[in-house]
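I have placed the structure first, in the form of structure tokens, so that the comments after it can refer back to it.
One is the number of the first residue; the rest follow in order along the sequence. The figures here come from the full heavy-atom set of this structure, side chains too, leaving out hydrogens, waters and symmetry mates.
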Amino acid sequence: MRRIFRPGLAAARKVQTTLPGSTLSRWLLWPALALLLAAATLFLGGGYHAGFATLNGLMPLAPPVVWAVLTEFGDTAVALCLLLVLLPGRWYLAWPVLIASVFGTAFTHVFKGFWPVLRPSGLLSPDQFHSVGALTADQSFPSGHSQTALTLAGFVMVCCPPPWARALALAGGLAVALSRVPVGMHWPIDTLVGAAGGLVCVWLGLEMARRLPQGTTLVVVGGLTGLSLLAACLLLTGHPPANPLAHGAMALVGALSLLAFVGQVARGGLRRAKARDQKAI
């Protein structure tokens, strides 16, 4: 464990002092503002449930399994599993990811606890809307899957500076967020506000990590890596239980993430061994 992580911790702290940077901040905060404005426009123009019939009506355009797989990329276990692809060689991500996760958890649970809005299944009969997977009736606002999806997309943008790559990551995160409406789990406003919250949480995580780079420790990096490995194992054993249509695809995500992690760590070990040999010579 020490041999894997310690060589990169000092370098990681140096990288953190340069983040998020003005360009990355714009990629995170301007889309968040646009999403909040879109949510406000929907609310003022048609009320809290505005836009649901239109977006939910998209579900028949693709097989249910497609929607099931797409929406599960906003699941916390899936997001943690995908960190196995991002973390090796980028250990500076661990501390801001942890901070962003704390902010994200507080953001979603405070609103869900103090503003108990019913989901579509709590107001509509099953024959009035399309749905995929098991549904719940309460704690609709904001969408936790949307927040998680855009948090993951935000950290992908950290790793991929080219504008086209950041635009692709943002578009992918938004697709996952908005898929919560066609599968019948959320109202559009839930997803827009949740997505905006995810981007803001990434910015807060990066800002706080920049000011407190000493938080990048072996405990933080090793702990987050351990959680990510556990999440991959959950996917391999049939998570999420509420959406069996996605089990096969999520198991594949878990297996590929584990392989990518092992491969990157092994390559890093080989590079360090080669450097030691050259120094010895």
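- Formation of a donor-acceptor pair under 3.5 Å by the S257 side chain with backbone atoms of G254 is not found in this model.
- The residue from T136, V132, T191 that alone fulfils the side-chain contact (heavy atoms from CB on, under 4.5 Å) condition with M185 is T136.
- In this structure, the side chains of L19 and P96 stay at 4.5 Å or more apart for every pair of heavy atoms.
- Not counting sequence neighbours, P116 has no partner by the side chain to side chain contact (heavy atoms under 4.5 Å, CB included) test.
- One distance of note links CG of L150 with OG of S143; it measures 9.5 Å at 0.5 Å rounding.
- Counting only distance, with no hydrogens or angles, the side chain of H247 and the backbone of G238 share a donor-acceptor pair below 3.5 Å.
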>> F73 vs L152, test: side-chain contact (heavy atoms from CB on, under 4.5 Å). Steps then yes/no.
In response: CA-CA 9 Å; F73 277 97; L152 178 63; 5.9 Å; no
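- The shortest non-hydrogen separation linking G173 to A149 is O-CB, 3.9 Å.
- To the nearest 0.5 Å, the span separating CG on L229 from CG on L224 amounts to 9.5 Å.
- As a member of the Ile/Leu/Val/Met/Phe/Trp/Tyr network built from side-chain separations under 4.5 Å, L33 groups with W30, L37.
- Atom CZ of F103 is separated from atom CG of L98 by 11.0 Å, given to the nearest 0.5 angstrom.
- The shortest non-hydrogen separation linking C201 to A100 is O-CB, 3.3 Å.
- Every residue meeting the ring pair (Phe, Tyr, Trp, His ring centres under 6.0 Å) condition with F52, not counting sequence neighbours, appears here in chain and number order: W187.
- Nearest heavy-atom pair, L235 versus A77, reported as atom, atom and distance to 0.1 Å: CD2-CB, 4.4 Å.
- Inter-residue side-chain proximity for P120 and N56 is flagged as unmet; no heavy-atom pair is nearer than 4.5 Å.
- Q147 and T151 share a side-chain donor-acceptor pair at under 3.5 Å.
- Between the side chain of H186 and the backbone N or O of S140 there is at least one donor-acceptor pair closer than 3.5 Å.
- With a 6.0 Å radius and a threshold of 12 heavy atoms from other residues, nucleotides or ligands, F43 has its CZ atom at or below the threshold.
- Contact between W27 and P163 at its shortest, heavy atoms only, is CH2-O, 3.5 Å.
- If you chain together hydrophobic residues whose side chains sit under 4.5 Å apart, L28 and W164 never meet in one group.
- In this structure, F107 and F111 have perpendicular ring planes: the angle between them is above 60°, well past the 30° mark.
- Taking the side chain to side chain contact (heavy atoms under 4.5 Å, CB included) definition, one finds that A196 meets it with A32, L35, L36, sequence neighbours left out.
- Two different hydrophobic clusters hold L84 and L259 under the rule that ILVMFWY side chains link at heavy-atom gaps under 4.5 Å.
- Cluster membership check: V117 shares its hydrophobic cluster with L135, using side-chain heavy-atom separations under 4.5 Å among Ile, Leu, Val, Met, Phe, Trp and Tyr.
- Listed by first then second residue, pairs satisfying side-chain hydrogen bond (donor to acceptor under 3.5 Å, both in side chains) with a partner in residues 62-77 read T71-S179, T71-R180, E72-N243, D75-H239, not counting sequence neighbours.
- Distance CG/L206 to CD1/I99: 8.5 Å, rounded to 0.5 Å.
- Judged by distance alone, with hydrogens and angles left aside, the side-chain atoms of W91 form no donor-acceptor pair with the main-chain N or O of T216 at under 3.5 Å.
- For the pair F129 and S121, the minimum side-chain heavy-atom distance is below 4.5 Å.
- By the rule that hydrophobic residues join a cluster once side-chain heavy atoms approach within less than 4.5 Å of another member, V85 and M250 end up as members of separate clusters.
- A donor-acceptor distance shorter than 3.5 angstrom exists from the side chain of S228 to the backbone of L80, with no hydrogens or angles considered.
- Using a 4.5 Å heavy-atom threshold, the side chains of R166 and P161 count as touching.
- In plain terms, the two heavy atoms of T108 and G144 that are nearest each other are CG2-CA, 4.0 Å.
- Annotation: the span from R90 atom CZ to C159 atom SG amounts to 4.5 Å, rounded to 0.5 Å.
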>> Run M59 and V183 through side-chain contact (heavy atoms from CB on, under 4.5 Å) and show every step you take.
In response: CA-CA 7 Å; M59 204 276 277; V183 301; 5.5 Å; no
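- The distance from the CZ atom of F155 to the CG atom of L93 is 6.5 Å, given to the nearest 0.5 Å.
- Considering all non-hydrogen atoms of both residues, F261 and P88 come closest at CD1-CG, 3.5 Å.
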> Does the side-chain contact (heavy atoms from CB on, under 4.5 Å) test come out yes or no for L236 and L258, once each step is laid out?
Replying inline: CA-CA 10 Å; L236 290 172; L258 283 171; 3.7 Å; yes
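- Side-chain atoms of D190 do not come within 3.5 Å of backbone N or O of P142 as any donor-acceptor pair.
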>> Is there a side-chain contact (heavy atoms from CB on, under 4.5 Å) between V158 and Y92? Walk through the geometry before answering.
In response: CA-CA 11 Å; V158 175; Y92 60 86; 4.2 Å; yes
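- With a 4.5 Å cut-off on side-chain heavy atoms, V181 and L58 do not count as touching.
- Here salt bridge (Lys or Arg N to Asp or Glu O under 4.0 Å) pairs that include residues 203-230, with residues two or more places apart or in two chains, are E207-R210, E207-R211.
- There is no path of hydrophobic side-chain contacts, each under 4.5 Å, that joins V219 to V102.
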